[in-house]
Amino acid sequence: MKVFVCMNSLPQELLQTLGHLEIIKAVAAAGADGIEIRRELLGQDDTLEELGALCKELNLDIYYSAPEFLIGPNYQINEQGFKRLARESDELGAELLKMPLGNYHFSETDMAQVKEVLTENLQNGGLKITIENDQTLDGGNVNRIAHFLNRSEKFDISIRLTFDTGNWLYTDEVPMNAAKDLARYVDYIHLKKVKRGKEEWVTEPVSLPLQPEVIELLERFSDACPRAIEFPITLENIETYISHMKSEREVSHERA
């Protein structure tokens with residue numbers, strides 16, 4: 001089981017001070033198997049080719065995340081946005097592109113067009129596409145996501161799911177129930193702990209050792225699914241979290 005680190009899990013002031021290249025080196029040194037590059041965090045001086053080359057040199061798998069919707073406000077695929085992100089993923093050397101679902105409509109979204117756009121822009125076939133349950137009522141709705149993924153299967157469209165364990169709470173969904181309904185579609189997991197504050201949900205560091213309910217949730221998914229740290233960490237504790245997440249999976253196998 002591989003452990004990834006999302007770039008947004010580290011303090012943003014640290015990223016601004018050290019830059020992407022130094023953070024990538026620190027993530028690799030801490031024992032991570034992969035890194036998730038976030039488009040919204042890239043600066044003017046960051047080049048995708050340079051970031052990708054460093055990741056490859058350090059034997060880090062690369063996933064690319066963008067906040068742009070896959071399905072636009074007209075209920076149809078965001079063709080220009082997807083084309084741009086597919087090209088950027090290729091420049092980065094990413095194995096996976098993650099996008100929020102967006103404005104999917106049960107009957108109005110043209111799935112044949114979705115397939116056509118993906119086929120045209122994924123010529124080499126090496127880039128995996130996932131949608132992620134986000135914090136919006138549309139993009140974080142279990143029924144809507146399941147309906148889209150089911151229709152994608154019927155149209156032979158290779159789109160899978162990034163399962164964010166914390167985002168379900170923003171949309172009043174139960175993570176364990178979501179896992180039961182969606183586990184077969186999941187290829188990537190964001191591990192996140194959120195707690196209700198006075199006015200909003202707040203992301204907090206995950207407790208170590210992992211709590212029984214967290215372990216139970218993660219055991220719903222295939223061992224082949226990488227787990228990503230997407231909760232606040234520091235350069236001082238990142239190695240501890242990575243090591244513990246890897247060892248916890250081994251302990252889970254022994255218990256099974």
Parallel, tilted or perpendicular: ring planes of F148 versus Y104, cut at 30 and 60 degrees = perpendicular
Assign the ring pair F4 / Y188 to parallel, tilted or perpendicular, where the plane angle (0 to 90°) is split at 30° and 60°.
-> perpendicular
Any side-chain donor-acceptor pair under 3.5 Å between Y63 and E95?
-> no
Which atoms form the tightest heavy-atom contact between Y64 and A94, and what is the distance?
-> CB-CB, 3.9 Å
Q76 and H105 side chains, donor-acceptor separation under 3.5 Å = no
Would you name the heavy atoms of L169 and V194 that are closest together and state the gap between them?
-> CD1-CG2, 3.2 Å
Can you see which heavy atom on V3 is nearest to which on M245, and at what distance?
-> CG2-CB, 4.1 Å
May I ask you to check whether K192 and T165 show a side-chain donor-acceptor distance below 3.5 Å?
-> no
State, to 0.1 Å, how close M7 and L15 come at their nearest heavy-atom pair, and which atoms those are.
-> CE-CD1, 3.6 Å
Can you check whether L85 reaches M99 side chain to side chain, under 4.5 Å on heavy atoms?
-> yes
Heavy atoms of other groups near Y75 OH, more than 12 under 6.0 Å = no
N/O donor-acceptor pair under 3.5 Å between T171 side chain and G140 backbone = yes
Which of D187, D61, D223 passes salt bridge (charged side-chain N to carboxylate O under 4.0 Å, His left out) with K2? It is D61
Does CG belonging to N150 count more than 12 external heavy atoms closer than 6.0 Å?
-> yes
Closest contact, heavy atoms only, L127 versus A86 | CD2-CA, 4.3 Å
Are T136 and D138 linked by a side-chain donor-acceptor pair shorter than 3.5 Å?
-> no
Any I189 side-chain heavy atom under 4.5 Å of L218 side chain | yes
Using the salt bridge (Lys or Arg N to Asp or Glu O under 4.0 Å) rule, take E230 and K193 through it: C-alpha gap first, then chi angles, then the decisive distance, then the call.
-> CA-CA 9 Å; E230 202 197 15; K193 176 184 177 183; over 6 Å; no
Value for CG (D164) from CD (E132), rounded to nearest 0.5 Å, stands at 5.0 Å
